[in-house]
*Asks:* 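Got a structure for you, questions after.
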Amino acid sequence: MIGNDIVDLAAAGKECNWQRHGYLKKVFTSREQAYISNYREPGSMVWLLWSMKESAYKIFVQENFRRLLAPLKFQCRLGTGSDLNFSGEVFFEKKSYKTSSRISAYKISTRAYSEISSKFLISNDFEFSERDYLFRNEEMSNNFIYDLSRRINKPAGEFSIKKDTLNIPYLFYRGNRFNSSISFSHHGRYGSYAAELF
Amino acid sequence: MNNEKLISELKTIIKPYVQDQKDLENITESTDFVKDLKINSANLIDIILDVESKFNIVVDDESIEKMLTVGAAVELINRKVYNIDRQ
(Lines give C-alpha, C1' and ligand atoms only; values in the text may rest on other atoms or scores of the structure.)
Protein backbone atom coordinates (compact mmCIF):
# COMPACT_ATOMS: atom_id res chain seq x y z
CA MET A 1 0.00 0.00 0.00
CA ILE A 2 0.98 3.59 -0.41
CA GLY A 3 0.62 6.78 1.65
CA ASN A 4 1.73 10.31 0.95
CA ASP A 5 2.00 13.73 2.53
CA ILE A 6 2.87 17.19 1.33
CA VAL A 7 3.90 20.19 3.44
CA ASP A 8 3.77 23.75 2.14
CA LEU A 9 6.66 25.24 4.10
CA ALA A 10 5.35 28.80 3.97
CA ALA A 11 1.93 27.69 5.25
CA ALA A 12 3.49 25.46 7.92
CA GLY A 13 5.57 28.38 9.17
CA LYS A 14 2.44 30.52 9.51
CA GLU A 15 0.14 27.86 10.95
CA CYS A 16 2.30 26.12 13.46
CA ASN A 17 4.97 27.21 15.90
CA TRP A 18 6.88 23.99 16.55
CA GLN A 19 9.27 25.93 18.80
CA ARG A 20 6.60 26.52 21.43
CA HIS A 21 7.30 24.94 24.77
CA GLY A 22 6.44 21.24 24.89
CA TYR A 23 5.63 20.86 21.20
CA LEU A 24 8.53 18.68 20.02
CA LYS A 25 8.21 16.32 22.98
CA LYS A 26 4.62 15.50 22.03
CA VAL A 27 5.55 14.58 18.46
CA PHE A 28 9.15 13.42 18.22
CA THR A 29 11.23 10.72 19.89
CA SER A 30 14.63 11.65 21.28
CA ARG A 31 16.30 10.20 18.18
CA GLU A 32 14.09 12.41 16.00
CA GLN A 33 14.77 15.46 18.17
CA ALA A 34 18.47 14.85 17.59
CA TYR A 35 17.89 14.76 13.81
CA ILE A 36 16.17 18.13 14.16
CA SER A 37 18.78 19.88 16.27
CA ASN A 38 21.65 18.54 14.16
CA TYR A 39 20.18 19.60 10.84
CA ARG A 40 21.29 22.88 9.31
CA GLU A 41 17.66 23.98 9.01
CA PRO A 42 15.85 22.49 11.99
CA GLY A 43 12.46 23.68 10.72
CA SER A 44 12.81 21.71 7.49
CA MET A 45 13.72 18.59 9.46
CA VAL A 46 10.62 19.03 11.65
CA TRP A 47 8.39 18.96 8.58
CA LEU A 48 10.37 16.22 6.84
CA LEU A 49 9.91 13.92 9.84
CA TRP A 50 6.30 14.99 10.20
CA SER A 51 5.59 14.13 6.56
CA MET A 52 7.24 10.71 7.02
CA LYS A 53 5.01 9.98 10.02
CA GLU A 54 1.91 11.23 8.25
CA SER A 55 2.62 9.17 5.09
CA ALA A 56 3.08 6.00 7.13
CA TYR A 57 -0.09 6.83 9.10
CA LYS A 58 -2.03 7.06 5.83
CA ILE A 59 -1.09 3.43 5.16
CA PHE A 60 -1.99 2.48 8.73
CA VAL A 61 -5.53 3.84 8.20
CA GLN A 62 -5.94 1.88 4.95
CA GLU A 63 -4.72 -1.29 6.64
CA ASN A 64 -6.63 -0.98 9.92
CA PHE A 65 -9.70 1.09 9.04
CA ARG A 66 -9.29 3.27 12.10
CA ARG A 67 -7.78 6.61 12.90
CA LEU A 68 -5.63 7.70 15.79
CA LEU A 69 -3.39 10.54 16.84
CA ALA A 70 -0.11 8.96 17.84
CA PRO A 71 2.82 10.81 16.30
CA LEU A 72 5.24 9.41 18.89
CA LYS A 73 4.39 5.84 17.90
CA PHE A 74 5.39 6.39 14.27
CA GLN A 75 9.13 6.43 14.69
CA CYS A 76 11.41 7.66 11.94
CA ARG A 77 14.86 6.61 10.91
CA LEU A 78 16.64 8.51 8.23
CA GLY A 79 18.68 6.63 5.68
CA THR A 80 20.75 8.17 3.00
CA GLY A 81 19.98 11.73 2.08
CA SER A 82 21.18 14.62 0.06
CA ASP A 83 20.00 18.20 0.17
CA LEU A 84 17.06 17.31 -2.03
CA ASN A 85 16.16 13.69 -1.39
CA PHE A 86 15.87 11.60 1.73
CA SER A 87 15.10 7.94 2.06
CA GLY A 88 13.97 6.63 5.41
CA GLU A 89 11.87 4.20 7.31
CA VAL A 90 8.99 4.62 9.73
CA PHE A 91 8.35 2.00 12.40
CA PHE A 92 4.95 1.52 13.96
CA GLU A 93 4.69 -1.26 16.53
CA LYS A 94 5.81 -4.35 14.58
CA LYS A 95 5.41 -2.83 11.15
CA SER A 96 7.76 -0.74 9.11
CA TYR A 97 7.23 1.48 6.11
CA LYS A 98 9.88 2.65 3.67
CA THR A 99 9.74 6.31 2.76
CA SER A 100 11.19 8.61 0.16
CA SER A 101 11.00 12.38 0.48
CA ARG A 102 11.83 15.36 -1.64
CA ILE A 103 12.72 18.73 -0.15
CA SER A 104 12.68 22.07 -1.89
CA ALA A 105 12.69 25.62 -0.58
CA TYR A 106 8.88 25.66 -0.84
CA LYS A 107 7.64 22.20 -0.04
CA ILE A 108 8.40 18.76 1.34
CA SER A 109 6.78 15.73 -0.19
CA THR A 110 6.93 12.15 1.08
CA ARG A 111 5.65 8.76 -0.07
CA ALA A 112 5.56 5.72 2.18
CA TYR A 113 5.29 2.11 1.02
CA SER A 114 4.23 -0.88 3.06
CA GLU A 115 6.33 -3.16 0.87
CA ILE A 116 8.81 -2.71 -1.91
CA SER A 117 7.33 -4.05 -5.08
CA SER A 118 7.39 -3.60 -8.79
CA LYS A 119 3.72 -2.66 -8.85
CA PHE A 120 2.68 0.21 -11.07
CA LEU A 121 3.21 3.45 -9.22
CA ILE A 122 2.01 6.90 -10.11
CA SER A 123 2.50 10.09 -8.12
CA ASN A 124 2.81 13.80 -8.59
CA ASP A 125 2.93 17.08 -6.67
CA PHE A 126 1.20 20.15 -8.07
CA GLU A 127 0.07 23.66 -7.20
CA PHE A 128 -3.70 24.13 -6.92
CA SER A 129 -5.35 26.54 -9.30
CA GLU A 130 -8.54 26.51 -7.18
CA ARG A 131 -8.40 28.65 -4.07
CA ASP A 132 -11.65 27.37 -2.60
CA TYR A 133 -11.18 24.30 -0.46
CA LEU A 134 -14.50 22.83 -1.69
CA PHE A 135 -13.28 22.67 -5.28
CA ARG A 136 -9.83 21.46 -4.42
CA ASN A 137 -10.98 17.89 -3.73
CA GLU A 138 -12.35 17.84 -7.24
CA GLU A 139 -9.17 19.31 -8.71
CA MET A 140 -7.15 16.66 -6.89
CA SER A 141 -9.29 13.79 -8.21
CA ASN A 142 -9.32 15.23 -11.72
CA ASN A 143 -5.55 15.70 -11.84
CA PHE A 144 -5.00 12.18 -10.64
CA ILE A 145 -7.54 10.58 -12.98
CA TYR A 146 -6.25 12.51 -15.98
CA ASP A 147 -2.67 11.45 -15.24
CA LEU A 148 -3.72 7.84 -14.66
CA SER A 149 -5.82 7.62 -17.82
CA ARG A 150 -2.91 8.78 -19.95
CA ARG A 151 -0.50 6.41 -18.28
CA ILE A 152 -2.62 3.29 -18.66
CA ASN A 153 -4.40 4.39 -21.81
CA LYS A 154 -7.99 4.21 -20.60
CA PRO A 155 -10.60 6.97 -20.96
CA ALA A 156 -10.58 9.42 -18.01
CA GLY A 157 -14.38 9.64 -18.07
CA GLU A 158 -14.67 5.99 -17.00
CA PHE A 159 -12.84 6.61 -13.70
CA SER A 160 -14.19 8.07 -10.50
CA ILE A 161 -13.02 8.51 -6.91
CA LYS A 162 -15.10 7.92 -3.81
CA LYS A 163 -14.03 8.45 -0.23
CA ASP A 164 -15.24 6.42 2.72
CA THR A 165 -16.01 7.74 6.19
CA LEU A 166 -12.32 7.53 7.14
CA ASN A 167 -11.52 9.76 4.17
CA ILE A 168 -9.73 6.93 2.37
CA PRO A 169 -10.06 7.46 -1.38
CA TYR A 170 -11.00 4.53 -3.60
CA LEU A 171 -10.69 4.32 -7.37
CA PHE A 172 -13.57 3.06 -9.52
CA TYR A 173 -13.51 2.09 -13.19
CA ARG A 174 -16.89 1.82 -14.94
CA GLY A 175 -18.52 1.68 -11.52
CA ASN A 176 -16.38 -1.17 -10.18
CA ARG A 177 -13.62 -0.99 -7.60
CA PHE A 178 -10.25 -0.77 -9.32
CA ASN A 179 -7.71 -2.76 -7.35
CA SER A 180 -5.38 -0.08 -6.04
CA SER A 181 -4.15 1.92 -3.08
CA ILE A 182 -4.50 5.68 -3.33
CA SER A 183 -3.40 8.51 -1.08
CA PHE A 184 -4.16 12.22 -1.43
CA SER A 185 -2.58 15.08 0.49
CA HIS A 186 -3.05 18.81 0.35
CA HIS A 187 -1.55 21.65 2.32
CA GLY A 188 -1.39 25.37 1.62
CA ARG A 189 -0.87 25.92 -2.08
CA TYR A 190 0.06 22.34 -2.89
CA GLY A 191 -1.57 19.05 -3.60
CA SER A 192 -0.07 15.61 -4.05
CA TYR A 193 -1.39 12.23 -5.11
CA ALA A 194 0.21 8.79 -4.98
CA ALA A 195 -1.24 5.51 -6.17
CA GLU A 196 -0.22 1.92 -6.49
CA LEU A 197 -2.09 -0.26 -8.99
CA PHE A 198 -2.21 -3.96 -8.22
CA MET B 1 -18.50 22.63 34.62
CA ASN B 2 -21.20 21.16 32.40
CA ASN B 3 -20.42 19.82 28.97
CA GLU B 4 -22.00 22.75 27.17
CA LYS B 5 -19.77 25.17 29.04
CA LEU B 6 -16.78 22.93 28.33
CA ILE B 7 -17.56 22.86 24.63
CA SER B 8 -17.68 26.64 24.55
CA GLU B 9 -14.31 26.79 26.34
CA LEU B 10 -12.94 24.36 23.76
CA LYS B 11 -14.36 26.49 20.98
CA THR B 12 -12.17 29.38 22.11
CA ILE B 13 -9.13 27.11 22.07
CA ILE B 14 -9.91 25.61 18.67
CA LYS B 15 -10.85 28.87 16.94
CA PRO B 16 -7.37 29.99 15.80
CA TYR B 17 -6.76 26.65 14.06
CA VAL B 18 -10.00 26.49 12.09
CA GLN B 19 -9.75 27.71 8.51
CA ASP B 20 -13.43 28.39 7.94
CA GLN B 21 -15.03 29.96 11.02
CA LYS B 22 -18.49 28.90 9.78
CA ASP B 23 -17.51 25.32 10.60
CA LEU B 24 -17.37 26.29 14.29
CA GLU B 25 -20.98 27.43 14.50
CA ASN B 26 -22.62 24.09 15.16
CA ILE B 27 -20.00 22.09 17.00
CA THR B 28 -21.20 19.22 19.15
CA GLU B 29 -19.47 16.35 20.92
CA SER B 30 -19.46 14.35 17.69
CA THR B 31 -17.64 17.08 15.73
CA ASP B 32 -14.43 15.68 14.28
CA PHE B 33 -11.41 18.01 14.42
CA VAL B 34 -9.97 16.83 11.12
CA LYS B 35 -12.99 15.80 9.06
CA ASP B 36 -15.47 18.49 10.13
CA LEU B 37 -13.25 21.40 11.18
CA LYS B 38 -10.43 20.70 8.67
CA ILE B 39 -7.82 21.28 11.36
CA ASN B 40 -4.44 20.02 10.22
CA SER B 41 -2.74 17.38 12.31
CA ALA B 42 0.18 19.63 13.31
CA ASN B 43 -2.35 21.97 14.95
CA LEU B 44 -4.02 19.11 16.83
CA ILE B 45 -0.85 19.05 18.90
CA ASP B 46 -1.27 22.79 19.54
CA ILE B 47 -4.82 22.16 20.72
CA ILE B 48 -3.59 19.51 23.14
CA LEU B 49 -0.92 21.89 24.50
CA ASP B 50 -3.54 24.64 24.83
CA VAL B 51 -5.90 22.28 26.67
CA GLU B 52 -3.06 21.26 28.98
CA SER B 53 -2.24 24.83 29.96
CA LYS B 54 -5.85 26.05 30.13
CA PHE B 55 -6.99 23.23 32.42
CA ASN B 56 -3.63 22.63 34.05
CA ILE B 57 -3.51 18.94 33.14
CA VAL B 58 -1.10 16.60 31.39
CA VAL B 59 -2.53 14.69 28.46
CA ASP B 60 -0.84 11.28 28.40
CA ASP B 61 -0.01 9.52 25.13
CA GLU B 62 -2.89 7.09 25.43
CA SER B 63 -5.40 9.93 25.72
CA ILE B 64 -3.78 11.80 22.83
CA GLU B 65 -4.50 8.83 20.56
CA LYS B 66 -8.23 9.34 20.95
CA MET B 67 -8.27 13.13 20.67
CA LEU B 68 -10.01 13.19 17.30
CA THR B 69 -13.36 14.64 18.30
CA VAL B 70 -14.72 17.40 20.52
CA GLY B 71 -16.38 14.67 22.59
CA ALA B 72 -13.05 12.94 23.21
CA ALA B 73 -11.60 16.23 24.44
CA VAL B 74 -14.61 16.83 26.70
CA GLU B 75 -14.34 13.32 28.10
CA LEU B 76 -10.63 13.78 28.73
CA ILE B 77 -11.04 17.11 30.53
CA ASN B 78 -13.89 15.73 32.65
CA ARG B 79 -11.77 12.77 33.64
CA LYS B 80 -8.57 14.71 34.37
CA VAL B 81 -9.95 17.86 35.93
CA TYR B 82 -13.20 16.81 37.53
CA ASN B 83 -12.58 13.10 38.04
CA ILE B 84 -15.80 12.32 36.23
CA ASP B 85 -15.81 8.97 34.48
CA ARG B 86 -18.63 8.38 32.08
CA GLN B 87 -19.23 4.71 31.53
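Note that the structure is a prediction, hence the values are computed from the model and not measured. Below, chain A is the first sequence line, B the second, and so on; all start at residue 1.
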*Asks:* Walk me through it: do B:Ile48 and A:Leu69 pass the test side-chain contact (heavy atoms from CB on, under 4.5 Å)?
*Replies:* CA-CA 11 Å; B:Ile48 288 161; A:Leu69 180 64; 3.7 Å; yes

*Asks:* So if you build clusters from Ile, Leu, Val, Met, Phe, Trp, Tyr with side-chain heavy-atom gaps below 4.5 Å, do A:Phe74 and A:Ile36 land together?
*Replies:*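 Shared cluster, yes.
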
*Asks:* Same cluster or not: A:Met140 versus A:Leu166, using hydrophobic residues (I, L, V, M, F, W, Y) connected whenever any side-chain heavy atoms lie under 4.5 Å apart?
*Replies:*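 The answer is no; the residues belong to distinct hydrophobic clusters.
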
*Asks:* How is the hydrophobic cluster of A:Leu72 composed, in terms of its other members, when Ile, Leu, Val, Met, Phe, Trp and Tyr link through side-chain heavy atoms under 4.5 Å apart, directly or indirectly?
*Replies:*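 So far as hydrophobic clustering goes, A:Leu72 is joined with none.
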
*Asks:* Between chain B and chain A, identify all donor-acceptor pairs below 3.5 angstrom, including backbone and side-chain atoms.
*Replies:*
{"residue": "B:Asp32", "atom": "OD1", "partner": "A:Arg67", "partner atom": "NH2", "Å": "3.0"}
{"residue": "B:Asp32", "atom": "OD2", "partner": "A:Arg67", "partner atom": "NH1", "Å": "2.6"}
{"residue": "B:Asp32", "atom": "OD2", "partner": "A:Arg67", "partner atom": "NH2", "Å": "3.4"}
{"residue": "B:Lys35", "atom": "NZ", "partner": "A:Thr165", "partner atom": "O", "Å": "2.4"}
{"residue": "B:Asn40", "atom": "ND2", "partner": "A:Glu15", "partner atom": "OE1", "Å": "2.7"}
{"residue": "B:Ser41", "atom": "OG", "partner": "A:Glu54", "partner atom": "OE1", "Å": "3.0"}
{"residue": "B:Ala42", "atom": "O", "partner": "A:Tyr23", "partner atom": "OH", "Å": "2.5"}
{"residue": "B:Asn43", "atom": "ND2", "partner": "A:Glu15", "partner atom": "O", "Å": "3.0"}
{"residue": "B:Asp46", "atom": "O", "partner": "A:Arg20", "partner atom": "NH1", "Å": "3.4"}
{"residue": "B:Asp46", "atom": "OD1", "partner": "A:Arg20", "partner atom": "NH1", "Å": "2.8"}
{"residue": "B:Asp50", "atom": "OD1", "partner": "A:Arg20", "partner atom": "NH1", "Å": "3.1"}
{"residue": "B:Asp50", "atom": "OD1", "partner": "A:Arg20", "partner atom": "NH2", "Å": "2.7"}
{"residue": "B:Glu52", "atom": "OE2", "partner": "A:Lys26", "partner atom": "NZ", "Å": "2.8"}
{"residue": "B:Glu65", "atom": "N", "partner": "A:Leu69", "partner atom": "O", "Å": "3.3"}
{"residue": "B:Glu65", "atom": "O", "partner": "A:Leu69", "partner atom": "N", "Å": "3.0"}
{"residue": "B:Glu65", "atom": "OE2", "partner": "A:Lys73", "partner atom": "NZ", "Å": "2.4"}

*Asks:* Give a yes or no on whether B:Ile39 and B:Leu49 share a hydrophobic cluster (residues Ile, Leu, Val, Met, Phe, Trp, Tyr; joining criterion: side-chain heavy atoms under 4.5 Å apart).
*Replies:*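 Looking at the clustering, B:Leu49 is in a separate group from B:Ile39.
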
*Asks:* In the hydrophobic cluster built from side-chain contacts under 4.5 Å, what are the other members alongside A:Phe198?
*Replies:*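 Traced through the cluster, A:Phe198 reaches no other member.
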
*Asks:* Assigning hydrophobic clusters by single linkage (Ile, Leu, Val, Met, Phe, Trp, Tyr; side-chain heavy-atom cutoff under 4.5 Å), is B:Ile47 placed with B:Val81?
*Replies:*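 Shared cluster, yes.
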
*Asks:* So how far is it from B:Leu68 CG to A:Leu68 CG, rounded to the nearest 0.5 Å?
*Replies:*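 Between B:Leu68 CG and A:Leu68 CG, I get 7.5 Å after rounding to 0.5 Å.
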
*Asks:* Side-chain heavy atoms nearer than 4.5 Å, only ILVMFWY residues, links allowed to pass through others: does that put A:Ile168 and A:Ile2 together?
*Replies:*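 Cluster IDs for A:Ile168 and A:Ile2 differ.
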
